[in-house]
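Below is one structure, written out as structure tokens; the observations come after it.
Within every chain, numbering begins at 1; the chains are lettered A, B, ... in the order of the sequence lines, protein sequences first and strands thereafter.
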There are 2 protein chains.
Amino acid sequence: MAAKYLSIRDQILDLIAEMEVGEALPPERALAPQFGVARMTLRRAIEEVIREGRLKRKHGAGTFVAGPKIAQGLAVTSFSEDMRQRGVVPSSRTLDAGELAASPKLAKRLEITSGEPVLRVVRLRLADDAPMAVETLHVPGRVAPGLDGQALDHASFYELLAERHGIILAGGVQTIEVTVTDDREAEILEVPVHSPAFLFERVSRARDGQVVEFVRSVYRGDRYQFRVDLQPARAGSNLADDAP
Amino acid sequence: MAAKYLSIRDQILDLIAEMEVGEALPPERALAPQFGVARMTLRRAIEEVIREGRLKRKHGAGTFVAGPKIAQGLAVTSFSEDMRQRGVVPSSRTLDAGELAASPKLAKRLEITSGEPVLRVVRLRLADDAPMAVETLHVPGRVAPGLDGQALDHASFYELLAERHGIILAGGVQTIEVTVTDDREAEILEVPVHSPAFLFERVSRARDGQVVEFVRSVYRGDRYQFRVDLQPARAGSNLADDAP
DNA sequence: GGGCACTGTTGGTCTAGGCCAATTTCGGGA
DNA sequence: TCCCGAAATTGGCCTAGACCAACAGTGCCC
């Protein structure tokens, strides 16, 4: 059986989906028996929801439905999910796809030997049908044999990895820099040449430590921004005040 | 009495400070009585340390001292601390300081009425004595009466707030965008005009919800970047494998 | 009418113990 | 000697109950 607090967490998410922002959750002591768990377990579940930013606790007062999701900045792993959280509709168009032999530089990033085959897919990412980013995906050939650009048109790369190749991502590292668009990027993104843009580079790994992808994305600077909640030094979890 | 798990957390930090990377912590069932707490409380403390990235748990195997801190990007509240974490020496030079009457736009950000006095300080921030960012700080006059640009030369703004005005920050919101340098910024930062740059805008609040500062910072795009550890979907805390 | 102490409600922490699940260890068999 | 399976070890989850601390409303007192 999956962990009980995870199941309770989902039930809480269902519950608050029908509630107004600022409305109070029933007290923990009432909710726990209702879900059939101990209070500590309920609290554990609530903490998960708080971490997602959907609830807010106030000592002595109650637990309240938080305002609409505040972007949590940098944990971006999926364009689609990122866009949905921002309230726009994501879509994608493949511009180019094919195999190539890894250059020394690319080989180093992917931790393979130079010359090994690599699948390369260039995609235009759109938000509400307007260009948002150009994404260049590199996948070592042996990681996902048989995969091609076609498959990515209607399914998430990560889903394909999991379902067709049994690869589960374990984490990755992403760097975020600023850049300016070159001629090609400018044309694709429909912005002037040398417009400011975000440059993301991400390397993701599977559970066994093997590099699964190297992604380079250029985001339009005029349409994309981060919004981050800052917390003081250390301790606790949430901040900000507002009562119902 | 402060929370017991916080005290235990500090004791754990002391303990692992003398240990090698990869070395295993004593088992929870041994450590808990040693610290004189229940195992659950010890676990709570360990979770805090894990959140700071200093420990790593492996189900069935043990709890191990994690490798040196990996930059976590975003808990940035202070330029100085940010730079020190990046391994460079921060310094600061005040370029301009003075009082002005809040424009309607600024008043809205600071949540005061238009025309109220505001302290404005423009500072050049340096890393290893090379220009890194231009920071413009706005503080409502009534938040920190008597404060001026001079005071900021040799003390942290946040320390001054806490010590001289008893104001403790409770959190804030920061947006991160890309921009290009204008003539003035380019000159100060010693980069070409229209170089790409990060634009940070931060609004910080005290515990009572009052806005304490509005900061606008322009960071050199060629010297500053984020590096973020990504974690899969949801759940847990850590990733990566390596056994002792 | 205003302010303050009291009190009930609600979240925050802690305990002691039990059982489950992943991993490692170790002994016996081939 | 090598390998496999059982047993011990270790973290993960859950419980039921207790007490502490912050908050909000009430009503008394001035």
Side-chain angles (χ1 to χ4, degrees), chain A residues 1-12 16 22-51 55-66 168 170 207-208 234-244, chain B residues 1-12 16 22-51 55-66 168 170 207-209 234-239 241-244:
Chain A
M1 174 193 71
K4 198 177 286 188
Y5 75 93
L6 290 177
S7 143
I8 302 294
R9 175 203 60 190
D10 292 339
Q11 295 183 51
I12 292 174
I16 66 181
E23 198 174 341
L25 212 64
E28 297 176 354
R29 283 171 242 271
L31 216 47
Q34 188 171 321
F35 282 136
V37 297
R39 190 179 151 218
M40 285 299 270
T41 303
L42 173 70
R43 281 180 60 76
R44 174 84 191 259
I46 289 177
E47 266 147 33
E48 289 291 315
V49 181
I50 286 175
R51 197 169 319 177
L55 280 177
K56 201 180 336 184
R57 278 209 266 233
K58 281 183 88 169
H59 189 175
T63 304
F64 306 91
V65 177
I168 297 173
R207 291 183 68 105
D208 60 7
R234 58 169 42 142
S237 18
N238 47 345
L239 39 113
D241 287 24
D242 52 292
Chain B
M1 177 192 70
K4 200 177 283 188
Y5 75 92
L6 291 177
S7 144
I8 301 295
R9 174 202 61 188
D10 292 339
Q11 294 182 53
I12 293 174
I16 66 182
E23 196 174 344
L25 213 63
E28 297 176 353
R29 287 167 173 80
L31 216 48
Q34 189 170 322
F35 283 137
V37 297
R39 191 178 151 219
M40 285 302 268
T41 304
L42 173 70
R43 281 180 60 77
R44 173 86 191 258
I46 289 177
E47 266 147 32
E48 289 289 315
V49 182
I50 286 175
R51 196 168 320 178
L55 280 178
K56 200 180 335 183
R57 277 207 267 232
K58 281 183 88 168
H59 188 174
T63 304
F64 306 91
V65 178
I168 298 172
R207 291 182 68 103
D208 59 7
R234 54 174 43 145
S237 13
N238 45 344
L239 36 116
D241 287 23
D242 52 293

Counting just side-chain N and O atoms, does Lys58(B) come under 4.0 Å of either OP1 or OP2 of dG12(D)? no
For residues 30-47 of chain A, which residues have at least one heavy atom under 4.0 Å from DNA chain C? Arg39(A), Met40(A), Arg43(A)
Test of understanding: with side chain to side chain contact (heavy atoms under 4.5 Å, CB included), list the residues that count as partners of Ala38(A), not counting sequence neighbours. Thr41(A)
Val65(B): partners by side chain to side chain contact (heavy atoms under 4.5 Å, CB included), with sequence neighbours left out: Ile16(B), Met19(B), Leu55(B)
Look at the side-chain N and O atoms of Tyr5(A) and state whether any lies under 4.0 Å from the OP1 or OP2 oxygen of dC14(D). no
Holding to side chain to side chain contact (heavy atoms under 4.5 Å, CB included), I want the full list of residues that pass it with Ala61(B), two or more places apart in sequence or in another chain. Lys58(B), Phe64(B)
For Glu47(B), give me all partners under side chain to side chain contact (heavy atoms under 4.5 Å, CB included), at least two apart in sequence or on another chain. Arg43(B), Arg57(B)
For Leu6(B) and dT13(C), what is the distance between atoms CG and C1' respectively, to the nearest whole Å? 10 Å
If each of His59(B) and Gly60(A) is mapped to the nucleotide of DNA chain D with the nearest heavy atom, which maps nearer the 5' terminus, i.e. the 5' end? His59(B)
The salt bridge (charged side-chain N to carboxylate O under 4.0 Å, His left out) partners of Arg39(A) (sequence neighbours excluded) come to Glu28(A)
In whole angstroms, the gap separating P of dC23(D) from NZ of Lys56(A) amounts to 14 Å
Identify the heavy atoms of Val49(A) and Arg9(A) that sit nearest to each other, and give their distance. CG2-CG, 3.6 Å
Arg57(B) CZ to dT9(D) C1', straight-line distance once rounded to whole Å: 16 Å
Lys4(B) side-chain N/O to dG12(C) phosphate OP1/OP2 under 4.0 Å: no
Rounded to whole Å, please give me the gap between CZ in Arg29(A) and P in dT9(C). 11 Å
Atom pair distance, as rounded to whole Å: CZ in Arg9(B) and C1' in dT13(C): 15 Å
